[in-house]
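Structure, as structure tokens:
Only this structure's heavy atoms are used, side chains among them; waters, hydrogens and symmetry mates stay out.
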Amino acid sequence: MAQAKIQAKMNEAPCSKFSRTLSMADRSGRLLENLDLLETRVEALREAASAMEQERECILEMIQSIQNSQEMRNICAGEREELDLTANRLMGRTLCVEISVGTIRNSQQEEALRKATSIIDEMVKKLLSDMDGGRQRLLALHAACVSEAPPVPIDQKFQAVVISCALEDQKKIKRRLEMLLRNVENSEKNIKIMDHQKLEEPQANGSQ
């Protein structure tokens, strides 16, 4: 009797195993579909966070541009103080928004990012001490990050470093250089306006 039951179980085993394998395959397929959907949502989340990060940078840059604008200098001290307070309040509220999109890098990409950041930091120091020389250096670095051929010399060494960076880091490096270019252009415009006004003052005084 016992032997008969054992034999019956052995006969059932192939059928039971085959059925269980199909069930596992179905579950695996459904889980894979769910993971594919989640991957799409993850990428959408990262893109949205990256867009918010860029919006934060843009807002901060616009606030600084207003604070340093010629229009701000042309108003009376009382109104300028009030506008500065408003701008500083907006700056503080914007800085309180913390957005971070991490990038997965291998050791080579980590080293490339470190080198690229160091090169840009050195260029910024040069800008502070030598505006004309720093601007030419900035243009050469930016030219290394664009696909279209720019009408300025390209820093080939920096280009090789940037290419070795992760794709997301390449985009951030390009954005940082573009922001620095805009800041330099705005600074040069303000210097020219102020210098032009200074040259016009004697003529205005002489005509009175």
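The minimum heavy-atom distance linking Gly134 with Leu127 is given by the pair C-CD2, 3.5 Å. Smallest separation of non-hydrogen atoms from Ser50 and Val101: N-CG2, 3.8 Å. Residues Val152 and Ala143 come closest through the heavy atom pair CG2-CB, 3.7 Å. Annotation for Ile63 and Met91: closest pair CG2-CE, 3.7 Å, computed over non-hydrogen atoms. Between Ala144 and Phe158 the shortest heavy-atom distance is CB-CD2, 3.9 Å.
At least one donor-acceptor pair under 3.5 Å links the side chain of Thr94 to the backbone N or O of Leu90.
By the neighbour-count criterion of 12 heavy atoms within 6.0 Å, atom CE of Met62 is sparsely surrounded, having that number or fewer from other residues, nucleotides or ligands. Around atom CD of Gln156, more than 12 heavy atoms belonging to other residues, nucleotides or ligands sit under 6.0 Å away. Heavy-atom contacts from other residues, nucleotides or ligands closer than 6.0 Å to CD of Gln54 number more than 12. For Ile104, the CD1 atom sits in a loose shell: 12 or fewer heavy atoms of surrounding residues, nucleotides or ligands are nearer than 6.0 Å. Around atom CD of Glu82, no more than 12 heavy atoms belonging to other residues, nucleotides or ligands sit under 6.0 Å away.
The same ILVMFWY cluster, assembled from side-chain heavy atoms under 4.5 Å apart, contains both Ile119 and Val184. Clustering ILVMFWY residues whenever any of their side-chain heavy atoms sit less than 4.5 angstrom apart, transitively, puts Val161 in a cluster other than the one holding Ile154. Under the 4.5 Å side-chain heavy-atom criterion for Ile, Leu, Val, Met, Phe, Trp and Tyr, Leu60 and Leu181 are members of distinct hydrophobic clusters. A single hydrophobic cluster is not seen to contain both Ile59 and Val97; linkage of ILVMFWY side chains at heavy-atom distances under 4.5 Å, directly or through other members, places them apart. There is a path of hydrophobic side-chain contacts, each under 4.5 Å, that joins Leu180 to Leu113.
The line from NZ of Lys172 to SG of Cys165 is 11.5 Å long, rounded to the nearest 0.5 Å. Atom CD1 of Ile120 and atom NZ of Lys115 lie 14.5 Å apart (nearest 0.5 Å). Put simply, CD on Glu178 and CD1 on Ile173 are 12.0 Å apart, with the number rounded to the nearest 0.5 Å. Atoms CD and OG1, from Glu110 and Thr103 in turn, are 9.5 Å apart once rounded to the nearest 0.5 Å. The OG atom of Ser164 sits 8.5 Å away from the CD atom of Gln170 when rounded to the nearest 0.5 Å. Atom CD of Glu57 is separated from atom CE of Met179 by 7.0 Å, given to the nearest 0.5 angstrom.
Side-chain N/O atoms of Gln70 and Asn74 include a donor and acceptor closer than 3.5 Å.
A salt bridge (Lys or Arg N to Asp or Glu O under 4.0 Å) with Arg46 is found for exactly one of Glu39, Glu168, Glu53, namely Glu168. Just one of Gln109, Lys174, Arg105 meets the side chain to side chain donor-acceptor pair (under 3.5 Å) condition when paired with Asp169; it is Arg105.
When side chains are defined from C-beta on, Asn88 counts as touching Gln67, because their heavy atoms get closer than 4.5 Å. Two residues are said to be in side-chain contact when any heavy atoms from C-beta on lie closer than 4.5 Å; Met72 and Asp84 meet this criterion.
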### Message
Between Arg137 and Asp130, is the side chain to side chain contact (heavy atoms under 4.5 Å, CB included) condition met? List the steps.
### Response
CA-CA 10 Å; Arg137 176 71 170 145; Asp130 178 11; over 6 Å; no
### Task
Test Asn183 against Glu61 for side chain to side chain contact (heavy atoms under 4.5 Å, CB included), laying out the working first.
CA-CA 9 Å; Asn183 289 339; Glu61 186 178 350; 4.0 Å; yes
### Message
One pair to check against side chain to side chain contact (heavy atoms under 4.5 Å, CB included): Arg176 and Leu141. What are the steps and the verdict?
### Response
CA-CA 11 Å; Arg176 182 184 178 189; Leu141 296 183; over 6 Å; no
### Test log, rule side chain to side chain contact (heavy atoms under 4.5 Å, CB included), inputs Leu95 and Arg56
CA-CA 8 Å; Leu95 289 172; Arg56 179 180 183 271; 3.7 Å; yes
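Contact check on Lys125 versus Glu122 returns a salt bridge, with a Lys/Arg side-chain nitrogen under 4.0 Å from an Asp/Glu carboxylate oxygen.
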